[in-house]
Amino acid sequence: MTGRGRPHKAKSPDTKCAKGKTRPEEVKQVPPPRCPGKSFTEEKQNGTIKEQKPKVQKKTSHTEDKPSVQRTRKVEATENFTEISKQQSTTTDHIKAPVQHVKAKKCVGKAKSLEKVSEEMTKVQPEATKEATKASVKTTKAKTSDCKTKPPGKITETKTQPETPKDTTNADSILYTTLEKLKIKRDERSDAAEVINKIVKCIIAHLKQNTICFKEVGEPLRTGSYYENLKISNPDEFDVMLPMPVDRVNINPFGENGAFYSVELKRGKSPLQKFQETSILSASKMLEEFREEVKKCVKPFEEWAVERKKRGCPAVTLITEVQSVTISLDIVLSIMVKSSWPLFTKDGIKIEDWLGTKVKQGFKRMPYYLVPKYEGKGTVENEGVLAKDVWRVSFSHVEKAILKNHGSEKTCCETGGARCCRKDCLKLLKHLLSLLKKKDSSFDKFCSYHAKTTLLHACCSRTKDTDWPASNLSQCFRLLLKDFVTYLEGGVLNNFFIPTQNLLSGPDQKKCNNLARRIREECDTGFPIFK
DNA sequence: CATGTTCGCGAGTGC
DNA sequence: GCACTCGCGAACAT
C-alpha cells in the first residue's frame, strides 16, 4: 500500500505520451494523411504495385466474447484434469494450423485459476512440467530447441496431478495461435522500415545542418517495442529518441518519486544555453523549438503529418500511411547525461541474480537520458520550477538492452541454446491488456509499460532460464498474469529503475481492481478474448 | 527443419 | 569526428 496516493502519477513510459500509445483507439482516429505513405520518389514506382498486398486483419475483428459466458465457465474451470488429457490429442493438431481462423472454443473450461498455477509452479518447477509439456509442444512448435534433452513423455499417463500439461495444453493452443497472429509480416515491416528510416535520417540531417542548438544531436536511439522485437500485430508505432549531449548537469528532483528533475547546465558553453531562463534548462522552450524544427523538416514530405502537441508529451509524433495502414513515429527529444545515474535508481534494476553484477555495472556505466515530460498541469510550481520545464529520466536504452540479452545463460534463445518464453509472455500480456483496453475505456491509464515492468520484475524473481522454458509458455504466462494481478490489487507497481515511483498511482484502486478481475476471468476461462 | 531474406546494429575502416 | 561497409543475430518466410 505504500506507494498509493502519491501525488505524482506516472503511468506511461518515459518516452511515450500519456495519450498516444496508451489509447489504441485514438491512434486509429488519427487524421488521414493526404497521401498513401510513400515519399515522392517511390510513390511512382510502388504506389500501384504494392496495393494489393493483403491487409492485416485487425486482430480484434471477432472478439465477441460475452461476459456472461465467462462467468458460467468459471464453474468448469475447476473441472477434472483427466478430461483434458483426452482432449489433448485432439487439440494439439490444430495448434499447428497457422493462425487465421481460430477453432471454436471447445476447450475453454480447462483453464486453471491463477492461484493454482502458482502452486503448481512452485512445487513442480522446471523438470516435471518441462518434460511433460514438451510432449505436446513438440508436436506443435518445432522451434523450441530445448526439446532435444528429453523424449516426448506420455502425458496421458501422468494422472491427476494438476501440474500435468494436459490442462495447459488447451490453453497452450490458444496462446500459440495468438502469438502467431501477433507476428509482424515481413513485407509490412520492410515497407514501414523504409519509410521510417528515411524520415528519421532526414530529420537528423536537418537538425545538424540547419540548426544551431540541435546541431550536436547524437545517434538516434531506436527504442520502444518495435525495436525490442516486441511489437505486436502491426509495425505501426516507432520510437526514436534524439539525444542532445551535455557535458555536465546538475539535476534536482521535482516531486517526490524521483522520476522528474529540473536540470541546470554546468559551466562551459553549450548550444542549449539559450534554453536556460534562470539557471534551469527549460524543457518547454527546448521542446517547442525542437518541434518547430521537426515540422520544418517534415513539411516538404506531404505524406507525413505532424500530430497535435499533447500536454506533457516529450514526443513530436509524425503520422503517415503505408499500404493504407496508419503509422506513427514518435521523435523524442532527449538529453544524454554521461554522469552517474540519479540516486533514486540506487535500489532499482535488481538484476544481480538474473543477469549478474557485471552486466548491471555495465548498464550503470551507460549514460542516462532525460526527456521533456511532466504530468499534470504545466503551471504547477515547485521550488521555483514550473512543471512544464522538468525532465523525466528515461532508461529505455537499458530496457532494450535487457530485453535483447534477457537470459541467465548467455546462450538463451540463441541457436544451440535453450529457448525461453520471456518475450512471448510479454507479448501476450501486452496483447491481453490492449484488448481489454479496447473493450473498456476505463482502462485507459494502463499501458504496455505496465506490462513490460511486470515482466522485468518477474525476471528478477524467477531468474533462471529454466524458469521460462519455451515449452512452458502457458504456465509462465499465467504466473506473469498472477504477478500483474497482484500489483493491480495492491495498487503498487514500482518503476523498475526508480522503485520510489509507483506506476499505478495514476489509475484509482477501483480501476485497478476491475482490471485485475477481468484478467482473472480471462485466465480462468482460457482467454476467450484471444479468440 | 534447414535454408534464405531482411532489418537492425555494432565494429571496423578510411577520410 | 563522420560516413560508409561489413558481418552477425533475430525474426520472419519458404
Side-chain angles (χ1 to χ4, degrees), chain A residues 46 50 53-54 56 95-100 134 137-148 152 176-209 214-245 247 271 322-323 327 329 336 338 362-363 365-367 396-407 409-428 430 465 470-471:
Chain A
N46 293 345
K50 298 191 176 178
K53 250 191 248 170
V56 204
I95 303 171
K96 281 184 202 165
V99 238
Q100 315 329 0
K134 233 172 251 168
V137 175
K138 187 162 188 180
T139 59
T140 67
K141 278 270 135 175
K143 42 161 136 171
T144 58
S145 54
D146 60 343
C147 289
K148 54 179 179 249
Y176 284 119
T177 312
T178 304
L179 279 174
E180 204 60 38
K181 277 192 259 183
L182 294 176
K183 279 186 181 167
I184 291 178
K185 300 285 162 294
R186 196 166 66 178
D187 288 354
E188 288 174 45
R189 177 172 178 260
S190 189
D191 291 344
E194 182 184 355
V195 170
I196 293 292
N197 290 338
K198 183 181 289 173
I199 196 74
V200 168
K201 201 171 168 185
C202 173
I203 290 169
I204 291 170
H206 171 83
L207 293 176
K208 279 185 193 289
Q209 288 159 22
F214 302 118
K215 192 189 284 298
E216 297 181 349
V217 59
E219 277 302 293
L221 276 93
R222 292 154 208 270
T223 64
S225 57
Y226 174 84
Y227 295 104
E228 289 167 347
N229 286 313
L230 285 168
K231 188 73 188 73
I232 49 179
S233 306
N234 303 354
D236 57 1
E237 293 176 354
F238 296 79
D239 304 76
V240 174
M241 278 205 319
L242 299 185
M244 304 301 153
D247 266 344
V322 175
Q323 310 301 321
I327 286 187
L329 165 61
M336 177 173 63
K338 287 192 177 127
F363 287 144
R365 274 193 290 273
M366 294 173 130
S396 43
H397 59 307
V398 181
E399 292 159 16
K400 182 179 175 180
I402 292 177
L403 266 318
K404 187 173 202 172
N405 207 338
H406 54 260
E409 301 295 321
K410 280 137 301 232
T411 53
C412 182
C413 291
E414 287 177 6
T415 46
R419 233 191 95 80
C420 84
C421 63
R422 291 177 178 92
K423 289 170 94 175
D424 284 342
C425 286
L426 178 51
K427 283 186 193 175
L428 289 170
K430 285 172 64 169
D465 296 346
S471 52

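We name chains A, B, ... by the order of the sequence lines, and we start the count at 1 in each one.
- For A:Cys412, the side chain to side chain contact (heavy atoms under 4.5 Å, CB included) partners are A:His406, A:Cys420, A:Arg422, A:Asp465, not counting sequence neighbours.
- Here A:Lys423 lies in heavy-atom contact (under 4.0 Å) with sugar-phosphate atoms only.
- The main-chain N or O of A:Leu230 is never found under 3.5 Å from a side-chain atom of A:Lys423 such that the two would form a donor-acceptor pair.
- Whole-Å rounding puts the A:Asn405 CG to C:dA10 P distance at 9 Å.
- Residues satisfying the side chain to side chain donor-acceptor pair (under 3.5 Å) criterion with A:Glu228, sequence neighbours excluded, are A:Lys452.
- Distance, A:Glu188 CD to B:dT5 C1': 17 Å, rounded to whole Å.
- Summarising the geometry, the separation between CG on A:Asp187 and P on C:dT14 is reported as 8 Å, rounded to the nearest angstrom.
- Distance A:Lys181 NZ to C:dC12 P: 16 Å, rounded to the nearest Å.
- One can place CD of A:Glu216 at 15 Å from C1' of C:dC2, the figure rounded to the nearest angstrom.
- By the ring-ring contact (aromatic ring centres under 6.0 Å, His included) test, A:His397 pairs with A:Tyr369, sequence neighbours left out.
- For A:Lys231, the salt bridge (charged side-chain N to carboxylate O under 4.0 Å, His left out) test picks out A:Asp236, with sequence neighbours left out.
- In DNA chain C, stems built from 3 or more consecutive Watson-Crick or G-U wobble pairs, each with both distances under 3.5 Å, span B:2-15 with C:1-14.
- Residue order along DNA chain C, read from the 5' end via each residue's closest nucleotide, puts A:Lys201 first among A:Lys201 and A:Lys427.
- When the side chain to side chain contact (heavy atoms under 4.5 Å, CB included) test is applied to A:Thr411, the partners found at least two apart in sequence or on another chain are A:Glu409, A:Glu414.
- We find that CD1 of A:Ile204 is positioned 18 Å from P of C:dG1, with the value rounded to whole Å.
- For A:Lys404, the side chain to side chain contact (heavy atoms under 4.5 Å, CB included) criterion is met by no residue, not counting sequence neighbours.
- In this view, A:Lys338 and A:Met336, A:Pro367 satisfy the side chain to side chain contact (heavy atoms under 4.5 Å, CB included) rule, not counting sequence neighbours.
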Worksheet item: Can you give one letter per nucleotide of nucleotides 6-15 of chain B, going 5' to 3': B for a protein heavy atom under 4.0 Å from the base, S for sugar-phosphate only, - for none?
Response: BSSS------
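- Taking atom CG on A:Leu403 and atom C1' on C:dA10, their separation rounds to 13 Å, with Å as the unit.
- Atoms CZ (A:Arg422) and P (C:dA11) sit 13 Å apart, rounded to a whole Å.
- More than 12 heavy-atom neighbours from other residues, nucleotides or ligands sit within 6.0 angstrom of NZ on A:Lys208.
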